[in-house]
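Working notes, beginning with the structure itself.
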Amino acid sequence: MPGKTFFVDLARCTACRGCQIACKQWKQLPAEQTKNTGSHQNPPDMSFVTLKVVRMKEVGEGGDLKLLFLPDQCRHCVDPPCKDAGDGVIKDAITQDKETGAVVFTEKTKGLPFDVIKGACPYDIPRQDPKTKVMSKCDMCNDRVHAGLLPACVKTCPTGAMNFGERDEMLAMAKKRFEELKKTNPKAVLVDYEQVRVVFLTEQAPSLYHKTLMSDAGGTDTLTRFAALDKLLAPLRQARS
């Protein structure tokens with residue numbers, strides 16, 4: 001399975017938000033008017049002009065209080081359900097770069113039903129411009145990558161939390177780091193690494209960081225979001241084959 005992959009070690013993330021700012025700078029996206037919501041997380045969520053946000057969560061209490069950080073972004077699924085859903089309406093409104101594996105939204109997304117595309121994403125990523133109806137999300141800095149550069153978020157990370165490269169190399173790095181981390185953090189998880197190109201390593205259960213960090217829809221007795229979406233989108237794939 002060729003292409004590129006991010007490996008994000010959340011045990012090394014300090015929530016400096018350098019990646020969040022670098023994303024806006026490279027994409028030349030405007031700031032958003034926000035207000036205090038009782039958290040250092042700002043803005044409170046992603047939007048059409050905020051493609052990456054560092055989520056912050058307090059867990060535990062007293063001496064067990066811990067801050068968990070998640071630089072959230074599109075996962076660039078290996079088999080993207082958003083593209084499957086979009087191709088059933090407008091072919092190649094959502095594309096997947098053959099060299100990098102990046103999943104890219106185009107201007108044609110303005111003709112797609114937003115509720116369908118957003119609903120197809122197991123990580124709740126797509127956002128829409130309320131005026132133009134064009135959808136947006138992280139595109140893996142695909143222009144930079146094709147020019148031999150690192151994605152802006154990875155380039156600016158000061159702690160080594162964010163890594164990027166060939167998929168085999170990144171998965172090898174991720175699995176090695178996972179084996180190291182689980183010696184001291186037995187609840188560590190290498191999240192959905194077979195299904196996505198943005199692989200997060202958590203110190204705690206993924207659900208503690210954010211409800212859609214992991215594609216699991218609710219435990220071992222239920223379908224994962226990926227499995228459920230696969231069943232729903234199977235007729236579209238068959239129709240195109």
Might you point out which heavy atoms bring Asp87 and Asp92 nearest each other, and give the distance in Å?
OD1-N, 3.1 Å
Across all chains, not counting sequence neighbours, the side chain to side chain donor-acceptor pair (under 3.5 Å) partners of His40 are none
Are the charged groups of Glu179 and Lys176 less than 4.0 angstrom apart, N to O?
no
What pairs with Glu166 under side chain to side chain donor-acceptor pair (under 3.5 Å), at least two apart in sequence or on another chain?
Lys4
Quick one about Gln20 and Lys52 (side-chain donor to acceptor, distance below 3.5 Å, no hydrogens or angles considered), yes or no?
no
Stepwise side-chain hydrogen bond (donor to acceptor under 3.5 Å, both in side chains) check, Thr212 with Asp124:
CA-CA 7 Å; Thr212 57; Asp124 188 36; 5.2 Å; no
Just list the side-chain donor-acceptor pairs under 3.5 Å for residues 108-117, sequence neighbours left out, or say none.
unit_1, atom_1, unit_2, atom_2, d
Thr109, OG1, Thr106, O, 2.7
Thr109, OG1, Met135, N, 2.9

Quiz question: by atom type and distance under 3.5 Å, do the side chains of Tyr123 and Asp192 form a donor-acceptor pair?
yes
Considering all heavy atoms, the nearest Val103-Cys77 contact:
CG2-O, 3.9 Å
Residues pairing under salt bridge (Lys or Arg N to Asp or Glu O under 4.0 Å) where one sits in residues 22-47, two or more places apart or in two chains, turn out to be Lys27-Asp139, Asp45-Arg55, Asp45-Arg127
Kindly indicate whether the side chain of Pro81, heavy atoms from C-beta on, has any atom under 4.5 Å from the side chain of Cys121.
no
Is there a path from Phe69 to Leu190 through hydrophobic residues (I, L, V, M, F, W, Y) whose side chains come within less than 4.5 Å of each other?
no
Taken in chain and number order and not counting sequence neighbours, the residues that satisfy salt bridge (charged side-chain N to carboxylate O under 4.0 Å, His left out) with Lys66 are Glu203
With sequence neighbours left out, write down each residue that passes ring pair (Phe, Tyr, Trp, His ring centres under 6.0 Å) with Phe164, or none if nothing qualifies.
Phe6
